[in-house]
Student: 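Got a structure for you, questions after.
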There are 2 protein chains.
Amino acid sequence: MDSLRRRLQTFSAIPEEAWEKFSTFSGVEVREFEKGEIIVRAGDPAEVIFIVHEGWARRYRMIGDGRRQITNFMLRGDVFDLQALSSLKADHFVQAATPLTASVFSSRDFLTLIRRSGDIAASFWWAAVQEESILREQIVRIGRRTAEERIAHLLLELRRRLRAAGSEEESIDLRLTRTDLADTLGLTPVHVSRTMSRLRKEGLISEEKGYIHIENLNTLQKLAGFDANYLHLPMALSGKDDQVPALENGADNAAP
Amino acid sequence: MDSLRRRLQTFSAIPEEAWEKFSTFSGVEVREFEKGEIIVRAGDPAEVIFIVHEGWARRYRMIGDGRRQITNFMLRGDVFDLQALSSLKADHFVQAATPLTASVFSSRDFLTLIRRSGDIAASFWWAAVQEESILREQIVRIGRRTAEERIAHLLLELRRRLRAAGSEEESIDLRLTRTDLADTLGLTPVHVSRTMSRLRKEGLISEEKGYIHIENLNTLQKLAGFDANYLHLPMALSGKDDQVPALENGADNAAP
DNA sequence: CGCAGCCTTGATCGTTCTCAACTAAGGTGG
DNA sequence: CCACCTTAGTTGAGAACGATCAAGGCTGCG
């Protein structure tokens, strides 16, 4: 449960006592999913809540004639389908993007758990708020950024989130296909390929066996207009190379 | 508080007793905002929660060189800035799109209130989940739909939400400028104008003094690929003309 | 009446898409 | 161990959707 705890703690310290209740809770079941396995299916009742231990998942929706839109990725430490707390039907799919290990709670047990500790409840509120913020940023990304900016911005977000989840590596273990990136960013795989080639030629990123390395963080951040504030991560978690240019806090934030 | 109650009740009945606590809560203050007034400013600490009584608000984010992206609209009955519960800094603006009346709670008072009633708390969870779902749909809209589909889809969503909030009217009181629509849908005002002209010529919508009337609901829904499920509104609230074609539940929902 | 803001329409431009062919890498079976 | 197959990435050429630039019209308001 370390990744979860680390994650929840970033908002506010969880008292040892509350944590005990949580981690010894009998309803927890750890499950493994294969790469590509569908974890949540649109139309099925949402009745369980997942916490990612290891691996990646993607949430997406299909619309007519095969178009797919990935709305977001769930990484190590992420909680998902909090939606199940309202016992609705899932309106999207969740699929393991890599082999995935996750804790699974029934939403009923989860609610019981939350009632027992206001601290835990607050942590989950925070998780929900953070996810909303990530979704909003995704809207801005695909609504108002160019292809190059979109790709750079998404890479920076994923890098940031992976590091917040404890990754020490400099490279992003980004075994996402061009099609995944395209379906996330509202582009075509062909154009993603072209644009990433350009980023490579410009010396901003490099790739090796599905790992992406950011070669020039500063320039990439400027290019993307990346400001990590929306992730609401405490400073302690960001590396010292992550100084965020206050790009979008000056003239940008003026009311129109 | 009727609009709020109606809204919250759509998820689960709130016991009279719990409602009493809520509506007589002394911390509530009703405030009025002028059209165009900034209600929440990016960078300011988020410390209050709003419930819309009357009017519209828009939430948006500014990025470099004046680009604006509206992430969503808050209508009658909507609760916003639940984010304040985690006492973070706002990462976006909220602005009154029309003259606006809203109840304002301090987030602290709000938390107290929520602790007193699990029913009320559950209702707010539901509100948060619904908002997330709306955000995800917005991502799909701008990521994978054409300009025509985007406009049609947004109009249908707004109509649906207005009706769920109690509007009896057939027309949508949509005093949004083309620029607003453009900034919501990731388009330019010019292209929105052109596309809406086309929808008018095709007899799908008509406009009069900022009111938009949907002339051919069925065709528009098909065109937009609109499936209201994501709004998670109980059927009781939808008019009988709102039969939703199960467009996106057949082949569409197959895993790729 | 005149200004300001918004909408509309036309002409042209450009980013991104589509279609298509080729390459590279990995897996499988003979 | 190599031939074959599949899947993903790359690159080119041309098309299309939406952007940009620009001019003119309508409406409301001081």
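Given the structure is predicted, the values throughout are model-derived calculations rather than measurements. Below, all heavy atoms of this structure are taken into account, side chains as well, without hydrogens, waters or symmetry copies. Lettering of chains follows the sequences in order, A, B, ..., and the numbering in each one begins at 1.
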Student: Using a cut-off of strictly less than 4.0 Å between a heavy atom of the residue and any atom of DNA chain C, enumerate the qualifying residues of residues 185-196 of chain B by number.
Tutor: B:Val190, B:Ser193, B:Arg194
Student: Could you pull out all residues at least two apart from A:Arg31 that satisfy salt bridge (Lys or Arg N to Asp or Glu O under 4.0 Å)?
Tutor: none
Student: Between C:dC7, D:dT10, D:dA8, spot the one nearest the side chain of A:Arg200, thanks.
Tutor: D:dT10
Student: Please identify each residue that fulfils side chain to side chain contact (heavy atoms under 4.5 Å, CB included) with B:Pro99, with sequence neighbours left out.
Tutor: B:Lys35
Student: Are the side chain of A:Gln95 and the backbone of A:Gly36 linked by a donor-acceptor contact shorter than 3.5 Å?
Tutor: yes
Student: Holding to side chain to side chain contact (heavy atoms under 4.5 Å, CB included), I want the full list of residues that pass it with A:Asp44, two or more places apart in sequence or in another chain.
Tutor: A:Arg41
Student: What pairs of nitrogen or oxygen atoms, one from the protein and one from nucleotides 21-26 of chain C, lie under 3.5 Å apart?
Tutor:
none

Student: Output all residues satisfying ring pair (Phe, Tyr, Trp, His ring centres under 6.0 Å) with A:Phe80, sequence neighbours left out; order by chain, then residue number.
Tutor: A:Phe50
Student: Five pairs per end, C1' atoms only: what is the angle between the end axes of the helix from C:dC1-D:dG30 to C:dG30-D:dC1, to 10 degrees?
Tutor: 30°
Student: Taking salt bridge (Lys or Arg N to Asp or Glu O under 4.0 Å) as the test, write out the residues that go with A:Arg161, two or more places apart.
Tutor: A:Asp78, A:Glu157
Student: Does B:Arg150 reach a base, just sugar-phosphate, or nothing at all? Heavy atoms under 4.0 Å.
Tutor: nothing
Student: Could you tell me whether the phosphate oxygens of D:dA19, OP1 or OP2, come under 4.0 Å of any side-chain nitrogen or oxygen in B:Arg67?
Tutor: no
Student: If you compare every side-chain N and O of B:Arg198 against the phosphate oxygens of D:dG18 (OP1, OP2), does one of them come in below 4.0 Å?
Tutor: no
Student: Could you work out, with side chain to side chain contact (heavy atoms under 4.5 Å, CB included) as the rule, every residue matching A:Ala96, not counting sequence neighbours?
Tutor: A:Phe33, A:Ile39, A:Leu100
Student: Under the side chain to side chain donor-acceptor pair (under 3.5 Å) definition, can you give me all pairs with a residue in residues 187-199 of chain B, not counting sequence neighbours?
Tutor: B:Glu148-B:Arg198
Student: Apply salt bridge (Lys or Arg N to Asp or Glu O under 4.0 Å) to B:Glu215 and list each qualifying residue two or more places apart in sequence or on a separate chain.
Tutor: none
Student: Run the salt bridge (Lys or Arg N to Asp or Glu O under 4.0 Å) test against A:Asp81 and tell me which residues pass, sequence neighbours left out.
Tutor: A:Arg59
